[in-house]
Q: 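Below is a structure I'd like to ask you about.
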Amino acid sequence: MYRIWNFVAEYSLLLVGGAVAALIWANLAPDSYHHLVHLPLWTDAPIGMVETHDGVTSRVLTLHFLINDVLMALFFAMAAKEVWEAVILSGGSLRGKKALTPLIATLGGMAGPVAVYLALAGALGIMADVGRGWAIPTATDIAFSYLVGRIVFGPRHPAIGFLLLLAIADDAGGLAILAIFYPTGEVLPVWLLLSVAAAIAVWLLASWLPRRMDRGKQDRPSSTWTRRVLGPWPYVIAGCISWYAFYRAGLHPALGLLPVIPAIPHAERDFGIFAESERYATDLLNGIEHALKLPVQVVLCAFGLVNAGVEFGAISAPTWLVLAGLIIGKPLGITLFGWFAANVLRLGLPEGMSLRDLPVIGCVAAIGFTVALFVASVAFPAGPVQDAAKMGALFSLGSAVLAILAGRIARVRKVG
């Protein structure tokens with residue numbers, strides 16, 4: 001647990017460092033900051049933003065596109081890996097009756113923010129301008145929430161498992177929302193066939209076929225050769241093909257690695273999120289995750305740097321809509337839906353948890369930050385509305401203070 005704590009702390013500090021540097025830079029020297037963010041790295045590139053200059057249309061690979069659309073695919077792949085483990089493994093946390101209460105609470109934690117955001121937007125008469133940002137406050141930052149949850153409840157409180165399950169399910173819902181409601185252009189579903197074909201082909205050729213050829217052979221020569229000689233490269237190639245298919249399909253390419261994750265060989269048990277035990281697991285999926293851990297931290301630092309640079313003068317109505325959706329809608333939705341599942345549906349709560357823990361969990365889950373910033377960057381075009389919404393995502397870090405206060409008020413007993 002201490003190793004997990006150290007990892008999450010390091011992960012958080014890198015991301016916060018990038019975001020703080022962006023805020024300072026954007027407010028002291030906005031011109032140079034925006035020049036960096038939109039720095040063209042490759043003109044007439046095969047991928048990138050479509051730009052028109054003097055009547056000539058071309059694709060330009062900018063620093064912002066490289067980080068948000070290409071490199072952030074690694075972050076979402078790690079999130080998808082945790083979701084996949086929780087769903088498919090026999091001991092996964094998203095299987096069976098034990099998962100129903102936190103899953104229903106997750107629905108509340110997504111519906112509540114949407115209801116608050118849209119209700120306030122309608123009341124203020126600005127729905128036409130900001131309505132597209134309804135999904136921004138549905139996000140829960142899994143790393144920050146886990147970090148604050150440990151501070152509030154202690155590392156061994158059953159609420160930590162409840163919170164992690166809720167955050168993982170929230171990530172799954174967020175991935176679905178991004179794919180369905182926020183395409184990056186004209187949607188061309190036929191390209192998704194290429195993504196599916198890449199995932200199926202790599203599973204057949206690099207996983208199923210070697211095992212088939214090894215039937216009756218104790219030394220498993222084909223599987224051993226595939227693992228030692230080819231290693232992760234078939235899946236890297238399939239991931240690149242899948243990413244490009246998402247890009248051409250008009251879906252956000254940062255989600256492009258998701259179809260390949262289930263095809264990668266995995267152990268028969270779930271060691272837990274970022275568990276140190278996984279470092280010694282021999283399966284390929286856990287090996288890839290731990291190899292990507294440091295690069296993903298650097299990517300998140302860069303993501304904070306190119307996305308959090310908002311001038312304080314941008315604070316306006318969308319800022320408060322996003323913030324209200326998170327700090328009001330999240331706790332309210334999680335508490336109401338969790339109470340309904342536990343009492344009305346009689347599904348109960350994990351042993352050692354009580355109903356008074358639910359609003360505290362809701363306050364912890366109200367930290368949107370990383371994913372909220374990402375959704376804001378795709379929900380609105382660059383400009384004052386996007387900047388204001390991003391500021392609301394940044395301000396959601398203040399929910400950590402609310403969570404600690406809520407824990408004190410609810411007299412949460414820390415379990416160390």
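Computation of the quantities below employed the complete heavy-atom set of this structure, encompassing side-chain atoms and omitting hydrogens, waters and symmetry-equivalent molecules.
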Q: Which residue is it: Ile367, Leu397, Leu163? I am looking for the one with a side-chain contact (heavy atoms from CB on, under 4.5 Å) to Val148.
A: Ile367

Q: Before you tell me yes or no, could you show the steps for Asp170 and Met110 under side chain to side chain contact (heavy atoms under 4.5 Å, CB included), namely the whole-Å CA-CA distance, both residues' side-chain angles and the distance that decides it to 0.1 Å?
A: CA-CA 7 Å; Asp170 190 284; Met110 301 184 79; 3.7 Å; yes

Q: OG1 of Thr335 to CZ of Arg356: how many Å apart, nearest 0.5 Å?
A: 14.0 Å

Q: Nearest 0.5 Å please: distance from the CG atom of Leu305 over to the OH atom of Tyr33.
A: 6.0 Å

Q: CD1/Ile264 to CD1/Ile288 distance, rounded to the nearest 0.5 angstrom?
A: 4.0 Å

Q: Using the rule given for side chain to side chain contact (heavy atoms under 4.5 Å, CB included), can you reason through Phe65 versus Val60, listing the C-alpha separation, both sets of side-chain angles and the distance that settles it, and then say yes or no?
A: CA-CA 9 Å; Phe65 184 92; Val60 179; over 6 Å; no

Q: Output, in order, the C-alpha distance, side-chain angles, deciding distance and verdict of side chain to side chain contact (heavy atoms under 4.5 Å, CB included) for Leu300 and Met72.
A: CA-CA 8 Å; Leu300 286 171; Met72 278 297 285; 4.1 Å; yes

Q: Which atoms form the tightest heavy-atom contact between Ala389 and Ile136, and what is the distance?
A: CB-CD1, 3.8 Å

Q: Given 3.5 Å as the limit, does a donor-acceptor pair link the side chain of Ser399 with the main chain of Cys363, or not?
A: yes

Q: Test your reading of the model: is there a side-chain donor-acceptor pair from Asn307 to the backbone of Leu373, 3.5 Å cut-off?
A: no

Q: Do Leu251 and Tyr182 have side chains that approach each other closer than 4.5 Å (heavy atoms only, starting at C-beta)?
A: no

Q: Let me confirm one number: the CG-CZ distance from Leu257 to Phe75, rounded to the nearest 0.5 Å.
A: 13.0 Å

Q: Please report the closest heavy-atom contact between Ala254 and Asn68, naming both atoms and the distance.
A: CB-O, 3.6 Å

Q: His252 and Phe374: aromatic ring centres closer than 6.0 Å?
A: yes

Q: So does Ala238 get a backbone contact from the side chain of Ser242, meaning a donor-acceptor N/O pair under 3.5 Å?
A: no

Q: Of all heavy-atom pairs between Leu118 and Met127, which one has the smallest distance, and what is that distance?
A: O-CE, 3.3 Å

Q: Treating Lys330 as the side-chain partner and Gly109 as the backbone partner, does any N or O pair qualify as donor plus acceptor under 3.5 Å?
A: yes

Q: Please say which of Leu326, Thr106, Val114 ends up in a side-chain contact (heavy atoms from CB on, under 4.5 Å) with Thr138.
A: Val114

Q: Main chain of Thr370, side chain of Asp141: is a donor-acceptor contact present, judged purely on distance under 3.5 Å?
A: yes

Q: Heavy-atom count check: over 12 atoms from other residues, nucleotides or ligands less than 6.0 Å from Arg132 CZ?
A: yes

Q: What is the minimum heavy-atom distance between Leu323 and Gly392, and which atoms define it?
A: CD1-O, 3.9 Å

Q: Decide whether Ser207 and Arg211 meet the rule of one side-chain donor and one side-chain acceptor closer than 3.5 Å.
A: yes

Q: Show the nearest heavy-atom pair for residues Val116 and Gly329, with the distance to one decimal.
A: CG2-CA, 3.7 Å

Q: Just by modelled atom types, is the Pro137 backbone N or O under 3.5 Å from a matching donor or acceptor in the Tyr117 side chain?
A: no

Q: Using the rule given for side chain to side chain contact (heavy atoms under 4.5 Å, CB included), can you reason through Lys81 versus His266, listing the C-alpha separation, both sets of side-chain angles and the distance that settles it, and then say yes or no?
A: CA-CA 10 Å; Lys81 183 255 185 187; His266 193 286; 4.2 Å; yes

Q: What orientation do Tyr247 and Trp243 show, parallel under 30°, tilted 30 to 60°, or perpendicular over 60°?
A: parallel

Q: Could you pull out the closest heavy-atom pair between Leu284 and Gly231, with the gap in Å?
A: CD2-O, 4.1 Å

Q: As an exercise, state the distance from CE of Met78 to CD of Glu289, rounded to the nearest 0.5 Å.
A: 4.5 Å

Q: Is Thr319 reaching over with its side chain to a backbone N or O of Ala388, donor-acceptor style, under 3.5 angstrom?
A: yes

Q: Would you check if there is a donor-acceptor pair between the side chains of Gln297 and Lys293 at a distance under 3.5 Å?
A: no

Q: How long is the span from the CD1 atom in Ile328 to the CG atom in Leu332, to the nearest 0.5 Å?
A: 8.5 Å

Q: Can you tell me if Asp387 uses its side chain to pair, donor with acceptor, with the backbone of Glu311 under 3.5 Å?
A: no

Q: Taking Ser32 for its side chain and Ala29 for its backbone only, find out whether a donor-acceptor pair lies under 3.5 Å.
A: yes

Q: Counting only N and O atoms by type, is there a donor-acceptor contact under 3.5 Å from the side chain of Thr101 to the main-chain atoms of Ala342?
A: no

Q: With a 4.5 Å limit on heavy-atom distance, are the side chains of Ile241 and Val202 in contact?
A: no

